[in-house]
Every structure is written in structure tokens, then in C-alpha cells.
Amino acid sequence: MPQTIAVLDFGSQLTQVIARRIRECQVYSRIYHFSTPAAQLRADGIVGIILSGGPQSVYAKTAPHPDPEIFKLGVPILGICFGVQLMGHFLGGKVALSKAREYGLGQLTIKKPGKLFAGLPRTLRIWNSHGDKLTELPPGFVATAVSDNSPFSGIEDKKRGFYGIQFHPEVFHTERGVDMIRNFLVGICGAAQDWTTKDFIAHSVADIRSKVGKGRVLLGLSGGVDSSVAAALLHKAIGKQLTCVFVDNGLLRKGERDYVEALYKRNFKIDLRVVDASALFLRRLKGISEPEQKRKIIGRTFVEVFEKTLKSIEGRAEFLGQGTLYPDVIESVSIAGNPASLIKTHHNVGGLPERMKLKLIEPLRELFKDEVRQVGAALGLPKEVVWRQPFPGPGLGVRVMGDITPDKLEILRNADAVLQDEMMASGYYWKVWQSFAVFLPVKTVGVFGDERTYDYVIALRIVESVDAMTADWAKLPHDLLGKISSRITNEVRGVSRVVLDISSKPPATIEWE
Ligand code: XMP
């Protein structure tokens, strides 16, 4: 086991972000329940402790408190936000109750750099989010930094190796926050910086093996980044004990099913079951134009087909694998209970794990998207999978406007394939957030040779974004757009006009639905 930093979770939504920053410093950490006995931390050989933030007041009846013995373990401790309040409360300082929260950006002035602020400028932008604040230092502590409204924004007891900061170093808005965390991990705790993606994989493989034993895991593979990386990781861990299911809902892009089969079945030798349910999906979608209704039908049919397929697979499975990432995890934590264990997941295929008595196994649930990509690349997944653009679950179902027919899907698939081809060839595929074609059920007049045509319209939706919450249309070179348009009208039968969507989100959304 590598040298471990313990992060005690007091219910902050940012606890996983602290863990992520620690990984960025290539140090190994584990998130522990706030009440973990000091004896267990000692037995685990931890070399330092970080006390996370938390939404409660230290005085609240239900406030999460650590085992007081952690302050006697002889390892350095860094208290963040609520963590500082705890230090004040447990070590003989004073914490003032406050009704208002101090929230947002502030300025930190470092008075005494010490080891925690070593190498940093004297003033820094910081991000605060706290209610109560420390009003009297515990014995042995000195103030090291002040902010606009706190004389104790940074505190330390050098002798015992106890440090506290009132703000959040883990958030992006705090300038040089990662350097403060690194100073604590390396400069103060002496932790080794040897934790890499390869180590994550090895550790995760061992963890999956011990959880699964001789059991069987089923995983729904969509072909997207998350489920693909989860499949590759599970396969590395348990090989033939993993069975993947890929549902062809008839709403896939051109060649998608073949690609997934070729990659996983032939290349990775994964036990992959491809279920062709396209006829069922298209039958149920026949004549349906309303977007919400389409989504409901697609979602319900997927769960039904998936469940039926799982039941039909020989041998009993105990586990359902899922590519849940940390941002998918809903941060609804209960402080009175166990914050770490009460975090719920969504995407859990409509209550299916409970109905089928399957235990969830989610090897990526602590990772962020970019980390998942690194894991995927290290496992040997091709760039096309690791850097794949997002694709909605309901697939082309939300990209054919109006009712869905096999003919319209065929036109859309062919147009979309031309677009992807040109995006790949020009390299813009990797530079934009998403690029796809949309089928418009509008017929317009055109000329083809001497013939007058009356054909459909294809819209191009090509956007830039960082998180899909907001987006802007991508300003691609005109000659590239011209080439895409002329190739679509020349090569795709049934299309005589191509238009470009130049709306931003908001007010428009990325998908047309
Ligand atoms: P919108 O259209 O809301 O899309 O701007 C934001 C992002 O989410 C994707 N998207 C979906 N993904 N199921 C999914 O798995 C869906 O129903 C769905 N709808 C939209 C969309 O492609 C974009 O990346």
C-alpha cells in the first residue's frame, strides 16, 4: 500500500474534489467516514489527515465530529473550512456561531508563509464558503494569513504539524490552491509522489477482484467513454467473469454497432452480447412526434430489453457494472448518517439493480471525466473511444425531428457520416464539443442536373462547450463547411439543402430533440 493521506469526509460536496487534487499531486489518498476511529487510521498507516469542509455548524446537535484521538496520532493535520472550526472546537479555541455565510471570492494576505504557504505570493485570490468562524486560536497556534473578514484565515501549530485554512484550496477559483495542498502533502507530511494512473488501475483491479470474487458482472455497454472504460477496467480485473450487453436500438449512427463489436469482441476478447432490438424500438416509435414521448418510449424500451437480455444470459450474475463518474453522483449527503455511503447514483437503469437483486459495481465513481480518459488510454482504448464526443442515450431519436421512420434515419445516418468524415479529416472533430447532423422533416425545392427536386433539409449542429451547460456554435472555416454541405447534397439521396445552426445555448439547447 502506498503512503496514504486520509481525507475525513464531513459532508462537503467538495470532498471528492480534494481527493482529485491529491491525485493531481500524484499522492495516494482515501476518503474515510468522519467518525473513523483513530486506531483504524493508525492501523492503515496513514501519514497525514485532511479534514474536509461541511455544511453544518460545529455546535449543531447533528454536527459530524471526528474521533478526538485523531489529534493524538502524531501525524500532520490540515483542516479546511469546517475542518478549521473542528480544530478550534476540539483543541481549545473559540468558534463564533454565525447566521450569514461568507460566500465567494476574497483576498488572502499571507503574514507568515511557513511550510503551508511556501513559495506562494503574499496576496492571493481565494474562495470562501463558511458560516461560523474561528474567533480565538487554540493554544499552540499562530495566525499565518488573514482575509478581508477573518484574522485567522490561515493558522498553524508547527510543533504538532496542525494547519488550518478557512477558505477552499481545492476549488479552481482559489489561486495556487493546489500548491497549498501539495505543500501539505509533500512538504509537511512527506508523502511520496508516486501515485499514477497505472497505480490507480492496479489498485482498482485488486479492489474489483476482492469485491467480485468468483461472481459474475454484467455491464451495459453504450460505446460512450464511461461505459467503455468501465468495461475495459472490469475486463482487465475479471476477464471472462464479465459479460457486456450492447443494445442496438435502431437509433445508432452509421457503422456504430460494427465498430463496438469489432473493438470489444475481436480486439479485447470481451464476452459481448449484441442485442438487435431495433425493430421493437422503431415499431413503438412509429407515428410519435412529441419529443418527451419519444424519450419516454426509448427509455422504457431500453430498460425492458436490457432486463430481458440479462435474464436470458446463462448463469446467475450478482453484479451490475456501471460507468458512473463522480459528477454523475448526486451529492445529496446526510450528515447524521454516513455521508460517503448515502451518496446516490442516478442512471441506475430504472431500479433494475434492486429488481434483479444485483449489486452495483462502479469502478469509476470517484473519478472525473478527464481522469477517466487517462485511465482509458492507459488501458489501451483507441483515441476514437477515449476522446469520443458525447452522444445522447436516445441516439438519433432526438435528431430526427417529427416522427421517426427507417427512411429518415437512413438519410440522417448518411449525412452524419459525411459530417464525421470531414470533421475527422480536418481534425476539428477533436477540437469541438459535439458535431452532428439533424434531420428536418421539411421539403424544399432544388435542382439536380436538369431535374427539379423536392427533398429534405439537413441541419449541421457543431458546438464548442466545456461542460454542455452553455455552448456556442463553432466558427469553422467556410471552405470546410462548404465541402461538408456539397458532399451531403451530392452523396446523400433525399437531401437537397444543408443549413448551419448558429444558435448558442442558452437560449437554444445543443440537441434539437
Ligand atoms: P442539451 O441538448 O440539453 O444537451 O443542450 C446537453 C448535453 O447532453 C446531451 N444529451 C443527452 N445525453 N441522454 C443523454 O445521455 C439524453 O437524453 C440527452 N439529451 C441531451 C447532449 O448531447 C449534450 O451533450
Side-chain angles (χ1 to χ4, degrees), residues 3-10 12 15 18 21-22 25 27 29-32 34-42 44-54 58 63-96 108 110-120 126 130 132-147 150-170 174 177 179-191:
Q3 287 180 320
T4 308
I5 296 288
V7 180
L8 292 196
D9 181 14
F10 293 93
S12 165
T15 302
I18 300 174
R21 298 290 174 238
I22 299 175
C25 299
V27 170
S29 72
R30 272 183 68 184
I31 294 175
Y32 286 87
F34 64 79
S35 66
T36 307
Q40 189 188 326
L41 299 178
R42 185 187 292 114
D44 287 355
I46 56 139
V47 298
I49 299 175
I50 294 182
L51 309 175
S52 84
V58 284
H65 282 175
D67 175 358
E69 295 296 312
I70 62 165
F71 295 106
K72 296 183 190 150
L73 281 173
V75 299
I77 300 180
L78 172 65
I80 294 176
C81 192
F82 176 79
V84 179
Q85 261 74 273
L86 285 172
M87 286 179 148
H89 189 69
F90 277 88
L91 301 174
K94 276 212 178 104
V95 178
L108 183 78
I110 296 170
K111 297 287 184 196
K112 188 174 172 299
K115 286 186 178 173
L116 190 65
F117 300 126
L120 300 181
I126 52 168
H130 59 95
D132 299 355
K133 63 182 180 193
L134 198 62
T135 50
E136 206 175 285
L137 286 175
F141 277 82
V142 294
T144 54
V146 300
S147 72
S150 169
F152 304 126
S153 203
I155 60 170
E156 73 173 32
D157 174 349
K158 208 165 86 184
K159 221 162 120 199
R160 286 185 286 181
F162 291 169
Y163 295 80
I165 40 185
Q166 185 59 79
F167 53 93
H168 288 274
E170 68 275 28
T174 293
D179 292 319
M180 298 174 198
I181 292 174
R182 189 183 301 103
N183 281 344
F184 177 71
L185 303 172
V186 182
I188 296 167
C189 302

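Residue numbers start at 1 and run along the sequence shown.
Between E156 and K112, at least one side-chain nitrogen of the basic residue sits less than 4.0 Å from a carboxylate oxygen of the acidic one, meeting the salt-bridge criterion.
Side-chain atoms of S29 never come within 3.5 Å of backbone atoms of I5 as a donor-acceptor pair (strictly under, hydrogens ignored). The closest donor-acceptor contact from the side chain of D132 to the backbone of V95 lies at 3.5 Å or more, if one exists at all. Remark: the backbone N or O of F34 is not paired with any side-chain donor or acceptor of H65 at under 3.5 angstrom. Formation of a donor-acceptor pair under 3.5 Å by the R21 side chain with backbone atoms of E170 is found in this model. Under the 3.5 Å distance criterion, the side-chain polar atoms of S153 are left unmatched by any main-chain donor or acceptor of A145.
Between N183 and A118, the shortest heavy-atom distance links the atoms ND2-O, 3.1 Å. Summarising the geometry of L51 relative to I70, their closest heavy-atom pair is CD2-CD1, 3.9 Å, with the distance given to 0.1 Å. Between F152 and E136 the shortest heavy-atom distance is CE1-N, 3.9 Å. Considering all non-hydrogen atoms of both residues, P76 and I188 come closest at CB-CG2, 3.6 Å. Taking every heavy atom of both residues into account, V7 and I22 meet most closely at CG2-CD1, 3.6 Å. The two residues L78 and F184 make their nearest non-hydrogen contact at N-CZ, 3.4 Å.
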Practice prompt. Kindly indicate, with the supporting measurements, whether the criterion side-chain contact (heavy atoms from CB on, under 4.5 Å) is fulfilled by F71 and M87.
Written response: CA-CA 9 Å; F71 295 106; M87 286 179 148; 4.2 Å; yes
Checking M180 against Y163 for the side-chain contact (heavy atoms from CB on, under 4.5 Å) test, could you report, in this order, the C-alpha distance in whole Å, the side-chain angles of both residues, the deciding distance, and whether it holds? CA-CA 11 Å; M180 298 174 198; Y163 295 80; over 6 Å; no
- request: Kindly determine whether L137 and I155 satisfy side-chain contact (heavy atoms from CB on, under 4.5 Å), including the steps that lead there.
  value: CA-CA 8 Å; L137 286 175; I155 60 170; 3.3 Å; yes
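In this structure, F82 and H130 have side chains that are not in contact, with every pair of non-hydrogen atoms separated by 4.5 Å or more. Residues Y32 and I46 are in side-chain contact: their nearest non-hydrogen atoms beyond the backbone lie under 4.5 Å apart. Considering only heavy atoms from C-beta on, R30 comes within 4.5 Å of D44 through its side chain. Side chains of Q85 and F10 form no contact here, defined as non-hydrogen atoms less than 4.5 Å apart. For the pair L91 and D157, the minimum side-chain heavy-atom distance is 4.5 Å or more. Looking at heavy atoms from C-beta onward, H168 lies in side-chain contact with C81 at the 4.5 angstrom threshold. When side chains are defined from C-beta on, D67 does not count as touching L41, because their heavy atoms never get closer than 4.5 Å.
Rounding to the nearest 0.5 Å gives a distance of 12.5 Å between CZ of F90 and CZ of F162. I165 contributes atom CD1, which lies 7.0 Å from atom CD1 of I181 (distance to the nearest 0.5 angstrom). The structure places CD1 of I31 at 8.0 Å from CD1 of I18, a figure rounded to the nearest 0.5 Å. Rounded to the nearest 0.5 angstrom, T4 OG1 and I49 CD1 are separated by 12.0 Å. Here I50 contributes atom CD1 and L185 contributes atom CG; the two are 5.5 Å apart, rounded to the nearest 0.5 Å.
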